[in-house]
Amino acid sequence: MIYLKRPQEIDRMAEGGRVLAAVMEEVHREIRPGVTPQQLDTLARRAIRARRALPAQLGYRSYPASICVSPNEIVVHGIPDDRRLLEGDVVSIDFAVIYEGYYVDMARTYPVGKVADEAIRLIEGTREAFAQGFSAARAGNRVGDISHAIEEYLAAHGLYPVREFIGHGIGRSFHEEPDVPNVGEKGRGAPLRPGLTLAIEPMVTVREPRVEILEDGWTATTGEGNLAAHYENTVAITEGDPLCLTAGAEH
Ligand code: MF3
Ligand code: CO
């Protein structure tokens, strides 16, 4: 069942979203050659708690950390370890927090030092694919309009959506209906109504992806040399323009 939020609930999610975006920025500032994913996880966990929020991922389906840290060809769900990030890597940071009982979710991919042109193209294309989906997130449209906008943008720019993972409703729980795939058909799927809150999250690679899950049961990889990126915000459908709850002006 699809759960529409009242304006007061959206306000709380927006507050949680500001907390989440601020912690993301704290993590971002520490990303440099030599830092370890575990150091980023520790920093994030403390920063989340210092802002009176809870790390939603810690213990979720036995996930062992507060954030996902996914370097290079890891698409999502990288478990923070003690291998140092290197100059030229890209690294995706994905996490959710619970704030006053409400969940918000966000992901970004950052360059580590100076990176190849292909990595920049991937990161920027993934952000723009989100922006296209966001623009379609309007009352009167359907979920398929969001999915289609993302798919179409990526296809036109030589980038590839990862189909195994999808966006989702969010708010009272981490994952709510409806599913928000990154490929789809215009005019299909659940209608978008004011009060619907969604995590829109394209996961993208530079070549046709073949996803494998590693032995840890979490780490999703596309294999050596096929870089992946992830861009996610929690978004609210309104009577007018959509609201981005997890970021400022850039979305
Ligand atoms: N934030 C991700 C999502 O969109 C990751 C959830 S899996 C976890 O659902 F175990 F890592 F939390
Ligand atoms: Co999500």
Side-chain angles (χ1 to χ4, degrees), residues 2-3 5 13 16-17 19-21 23-24 27-28 37-38 40-42 44-45 47-49 53-71 74-81 91-99 102-110 126-127 129-130 133-134 137 143 146-147 150 161-184 190 196-204 211-221 228-237 242 244-247 251:
I2 291 183
Y3 178 68
K5 283 79 179 176
M13 289 180 69
V19 165
L20 176 50
V23 176
M24 181 66 83
V27 172
H28 180 195
Q38 271 167 359
L40 299 176
D41 183 63
T42 301
R45 190 177 61 247
I48 291 165
R49 291 189 171 139
L54 295 170
Q57 295 183 179
L58 188 59
Y60 172 79
R61 298 187 180 198
S62 305
Y63 186 76
S66 298
I67 68 176
C68 298
V69 181
S70 305
I74 312 296
V75 186
V76 286
H77 303 165
I79 297 173
D81 61 12
V91 63
S92 301
I93 307 291
D94 177 20
F95 63 106
V97 303
I98 309 169
Y99 187 81
Y102 288 86
Y103 288 75
V104 283
D105 195 359
M106 178 179 188
R108 292 288 185 275
T109 301
Y110 298 114
T126 306
R127 184 184 61 215
F130 166 84
F134 181 73
V143 168
I146 299 174
S147 306
I150 293 170
V162 173
R163 293 159 190 260
E164 284 82 351
F165 301 99
I166 56 178
H168 48 94
I170 183 168
R172 268 198 182 171
S173 354
F174 196 169
H175 299 109
E176 296 179 351
E177 287 180 36
D179 289 348
V180 185
N182 294 306
V183 298
L196 181 61
T197 46
L198 301 173
I200 300 177
E201 49 176 319
M203 288 149 273
V204 178
V211 172
E212 280 174 43
I213 308 294
L214 302 189
E215 303 227 309
D216 60 25
W218 283 104
T219 312
T221 178
H230 188 187
Y231 197 98
E232 171 180 27
N233 285 305
T234 298
V235 165
I237 309 299
C244 182
L245 302 177
T246 42
H251 272 116

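Quick caveat: nothing in here was measured; it's all calculated off a predicted structure. Just follow the structure's listing: the first ligand is 1, and inside any ligand the first atom is 1. Numbers for residues simply follow the sequence, beginning at 1.
The Co ion (ligand 2) is closest to atom OE2 of E201 (considering only N, O or S atoms). The Co ion (ligand 2) lies closest to atom OD2 when only the N/O/S atoms of D105 are considered.
Of the heavy atoms in H168, only side-chain atoms (C-beta onward) come closer than 4.0 Å to ligand 1.
At distances below 3.5 Å, not a single donor-acceptor pair connects side-chain atoms of T221 with backbone N or O atoms of E212. No donor-acceptor pair under 3.5 Å is formed between the side chain of T234 and the backbone N or O of L245. When atom types are taken as modelled, the side chain of T219 and the backbone of G78 share no donor-acceptor pair closer than 3.5 angstrom.
The contact set between ligand 1 and E201, taken as ligand atoms under 4.0 Å from a residue heavy atom, comprises 4 (O).
Among protein heavy atoms, atom 2 (C) of ligand 1 sits closest to D94 OD2, 3.1 Å. Nearest protein heavy-atom contact of atom 11 (F) of ligand 1 is C68 SG, 3.2 Å. Here the protein heavy atom with the shortest distance to atom 4 (O) of ligand 1 is D105 OD2, 2.9 Å. Ranking the protein heavy atoms by distance from atom 12 (F) of ligand 1 puts Q57 CG, 3.0 Å first. Ranking protein heavy atoms by distance to atom 9 (O) of ligand 1, first place goes to H175 NE2, 2.5 Å. Among all protein heavy atoms, the one lying closest to atom 7 (S) of ligand 1 is H77 NE2, 3.6 Å. For atom 6 (C) of ligand 1, the closest non-hydrogen atom on the protein side is F174 CZ, 3.8 Å.
Side-chain contact check for F134 versus V235: some heavy-atom pair is nearer than 4.5 Å. In this structure the side chain of V27 never reaches within 4.5 angstrom of the side chain of V69, judged on heavy atoms.
Taking the centre of each ring, Y103 and H168 stay at or above the 6.0 Å mark. Between F165 and H77, the gap from one ring centroid to the other is short of 6.0 Å.
A side-chain contact (heavy atoms from CB on, under 4.5 Å) with I48 is found for exactly one of I98, L58, L20, V23, namely V23. Of the residues D94, I166, V76, V211, the one that meets the side-chain contact (heavy atoms from CB on, under 4.5 Å) test with M203 is V76.
No N or O atom of W218 sits closer than 3.5 Å to an N or O atom of ligand 1. Residue contacts with ligand 1: Y63 is placed with no nitrogen or oxygen under 3.5 Å of a nitrogen or oxygen of the ligand (distance criterion only).
A cation-pi arrangement is present between R108 and Y231, with the terminal nitrogen or guanidinium carbon under 6.0 Å from the aromatic centre and inside a 45° cone about the axis.
For a distance bound of 2.8 Å, the N, O or S atoms of H175 include none lying that close to the Co ion (ligand 2). Among the backbone and side-chain atoms of E232, an N, O or S atom lies under 2.8 Å from the Co ion (ligand 2).
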